[in-house]
Amino acid sequence: QKMIFTTLPRPVFAPPYEPIPGNVRFYYDGKQMKLSPEAEEVATFFAKMLDHEYTTKDIFRKNFFKDWRKEMTPEEKAKITDLSKCNFTEMSVYFKAQSEARKQMSKDEKLENERVLQEYGFCVMDNHKERIANFRIEPPGLFRGRGDHPKMGMLKRRIRPEDVIVNCSKDSKHPKPPPGTKWKEVRHDNKVTWLVSWNENIQGSIKYIMLNPSSRIKGEKDWQKYETARRLKKCVDRIRNQYREDWKSKEMRIRQRAVALYFIDKLALRAGNEKEEGETADTVGCCSLRVEHINLYPEKDGQEFVVEFDFLGKDSIRYYNKVPVEKRVYKNVQLFMENKQPEDDLFDRLNTSILNKHLQELMDGLTAKVFRTYNASITLQQQLKELTNPDENVPAKILSYNRANRAVAILCNHQRAPPKTFEKSMQTLQTKIDAKKDQLSDARRELKSAKADAKVRRDEKSKRAVEAKKKAVERIEEQLMKLEVQATDREENKQIALGTSKLNYLDPRISVAWCKKWEIPVEKIYNKTQREKFAWAIDMADDDYEF
DNA sequence: CGTTTTACTTAGCAATAAACGT
DNA sequence: ACGTTTATTGCTAAGTAAAACG
């Protein structure tokens with residue numbers, strides 16, 4: 001079905017551990033101590049993170065210490081019994097110096113990186129040379145879970161060739177394992193797209209090496225995704241009418257299904273699969289919402305029937321929203337919450353599997369996540385129509401584009417931590433704007449006097465001078481406008497990440513068509529990587545493309 | 001059929017590269 | 001040319017959903 005012929009390079013393994021020099025010491029309880037290489041390596045993982053907040057967290061320290069002790073010799077184990085008595089600062093200083101040094105002599109390293117990329121970064125699939133996304137096998141280190149993860153700090157083990165499964169066609173010559181080693185398995189499964197896999201020891205999940213988003217196989221999949229969303233567009237009215245009817249159903253499971261679907265559609269919530277308790281951070285999506293995540297207000301801030309959501313979603317990003325809903329939805333949620341404890345499931349008769357089976361019956365290929373894609377893309381299209389002003393210049397139009405993009409990011413709750421340097425960078429930008437304003441008033445004054453001069457002299461030379469000054473004023477006005485637009489854009493973007501929606505939710509043909517329609521170079525919207533990923537769309541869409 | 005496993009997409013942050021101002 | 005700021009790329013965790021299993 002998928003792979004026909006593949007020439008696959010060997011995955012790049014993490015470099016072997018290099019012991020630190022003897023003058024970089026570790027202290028336990030104030031006394032210097034030479035660690036065995038195994039224990040030392042794990043210690044360096046911790047030392048490298050010393051500046052990070054992780055190392056102050058109890059769970060992180062506890063998990064790290066437990067796993068570290070496993071790597072110690074019996075003597076070390078007997079001696080090192082308290083993490084707070086460990087002093088890693090010399091190691092930490094050493095690694096900081098190392099990375100500083102690496103920055104300096106990066107000329108050769110850049111060349112070396114390029115060589116590694118050329119040798120290991122590409123494979124041939126279906127006679128096309130394709131870029132591999134992650135051709136380096138993940139190095140050992142300490143697990144950094146997001147949010148309140150019970151496993152943070154655990155030791156992520158080193159992956160050896162014996163852990164690795166290689167997948168390629170039978171007739172292709174598979175890559176040789178490094179000398180003196182063996183692969184775990186060489187597989188020929190052309191029903192899947194991964195090239196290499198291994199088992200990870202923290203969650204027990206499988207990790208894969210796959211192709212870059214620019215590859216044919218990923219591009220086609222991406223295109224299909226948006227085609228499914230466009231098919232939803234054609235029947236979404238029918239589906240909405242259907243779930244509104246189902247709010248009145250006699251059956252609880254149908255009412256729950258209908259209300260959940262309404263939230264997924266209206267608020268672009270994720271499906272919310274069940275998760276194993278205690279294995280991951282406690283986060284939820286729509287189907288896994290609990291009573292404690294919801295508050296109901298018959299009336300709030302002048303609106304009736306308000307549902308307040310407050311929960312941690314994917315990556316432990318908080319979702320907080322107050323939404324006025326139809327009375328019928330409100331009454332249903334009230335019903336679902338009756339006689340329940342805060343930690344009980346809101347939708348106790350529903351899960352993602354039940355919901356998706358229902359959706360499959362409503363439309364071929366329909367699942368909960370299609371609503372997110374559909375609503376994101378249709379919102380972009382609408383917003384672009386609304387916000388683009390034909391009379392404005394290119395930077396202003398791009399601001400409008402970013403605003404449309406931002407509306408989607410807000411809908412999808414794509415947040416980011418405000419950049420550490422945000423306030424400062426806003427300030428420098430403001431300084432620039434002020435300087436530009438001064439420059440502009442100077443230029444205007446000069447223009448005025450040039451005009452006066454020309455009026456008196458009435459010669460060609462002074463006329464040309466007026467023209468030149470006029471040009472200068474216009475140029476500065478444009479520069480000022482650009483800066484002001486930039487400031488607005490940045491301010492509005494403080495806590496919002498545009499990248500995720502741009503890359504994963506917005507049909508790129510909408511953006512390409514918009515660029516063509518308003519004669520905006522597509523490079524203003526998509527950088528090089530993005531243009532490679534969306535090559536199919538840039539190729540395909542005309543200025544009149546409708547999602 | 002419920003549970004587990006597998007395969008793939010989506011996600012934010014960190015590291016690195018490029019652009020910018022001096 | 002250099003140091004600083006901003007944009008891009010890399011990394012890998014954390015989701016969704018379907019297949020496989022018992």
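Quick note: numbers below take in every heavy atom, side chains included, and nothing from hydrogens, waters or symmetry partners. Labels below follow one simple rule: chain letters A, B, ... track the order of the sequence lines, proteins then strands, and each chain is numbered from 1. All figures in this text were calculated on a predicted structure; none of them were measured in a lab.
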Using a 4.0 Å heavy-atom cut-off, does [X] contact any base of the nucleic acid, only the sugar-phosphate backbone, or nothing at all?
X        : value
A:Thr283 : sugar-phosphate
A:Lys314 : base
A:Arg416 : sugar-phosphate
A:Arg531 : nothing
A:Lys156 : sugar-phosphate
A:Asn273 : base
A:Pro139 : sugar-phosphate
A:Tyr208 : base
A:Ala417 : sugar-phosphate
A:Ala133 : nothing
A:Lys218 : sugar-phosphate
A:Gly285 : nothing

Whole angstrom is fine here: how far is it from [atom1] in [X] over to [atom2] in [N]?
X        : N      : atom1 : atom2 : value
A:Ile317 : B:dT10 : CD1   : P     : 17 Å
A:Glu523 : B:dA18 : CD    : P     : 18 Å
A:Trp194 : B:dT6  : CH2   : C1'   : 10 Å
A:Leu195 : B:dC8  : CG    : C1'   : 13 Å
A:Lys221 : C:dA17 : NZ    : P     : 13 Å
A:Gln415 : B:dA11 : CD    : P     : 12 Å
A:Trp198 : B:dT6  : CH2   : C1'   : 15 Å
A:Gln224 : C:dA17 : CD    : C1'   : 15 Å

What do you reckon, are the aromatic ring centroids of [X] and [Y] less than 6.0 Å apart?
X        : Y        : result
A:Phe60  : A:His149 : no
A:Phe309 : A:Tyr320 : no
A:His293 : A:Tyr319 : no
A:Phe88  : A:Phe46  : yes
A:Tyr401 : A:Trp514 : yes

Judged by modelled atom types alone, do [X] and [Y] share a side-chain donor-acceptor pair under 3.5 Å?
X        : Y        : value
A:Asn212 : A:Glu532 : no
A:Asn134 : A:Tyr208 : no
A:Arg509 : A:Tyr226 : no
A:Lys275 : A:Thr283 : yes

By nearest nucleotide on DNA chain C, pick out whichever of A:Thr280 and A:Gln360 is the more 5' one.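 Closest to the 5' end, via its nearest nucleotide, is A:Thr280.
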
Assign each of A:Leu142 and A:Arg490 to its nearest nucleotide of DNA chain C by heavy atoms, then name whichever residue's nucleotide is nearer the 5' end.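 The answer here is A:Arg490.
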
With a cut-off of less than 4.0 Å, is there a side-chain N or O of [X] near OP1 or OP2 of [N]?
X        : N      : value
A:Thr352 : C:dA17 : no
A:His52  : B:dC13 : no
A:Arg131 : C:dG10 : yes
A:Lys207 : C:dT12 : no
A:Arg146 : B:dT10 : no
A:Asn356 : C:dA17 : yes
A:His414 : B:dA11 : yes
A:Lys528 : C:dA7  : no
A:Asn527 : C:dT9  : yes

If you check the A:Lys275 side chain, which of B:dT10, C:dA14, C:dG15 turns out closest?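 The answer is C:dG15, which lies nearest to the side chain.
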
I want to verify a distance call: between C:dT9, B:dA14, C:dT12, whose nearest atom is closest to the A:Arg144 side chain?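 For A:Arg144, the side-chain atoms sit closest to B:dA14.
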
Can you sort out which residues in residues 499-506 of chain A have a heavy atom within less than 4.0 Å of DNA chain B? Ascending by number, please.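 When residues 499-506 of chain A is checked for heavy atoms under 4.0 Å from DNA chain B, the hits, listed by number, are A:Thr500, A:Asn504, A:Tyr505.
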
Quick check with a 6.0 Å cut-off and a 45 degree axis cone: is A:Lys129 positioned over the face of A:Phe122's six-membered ring?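 Pair A:Lys129/A:Phe122 counts as cation-pi.
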
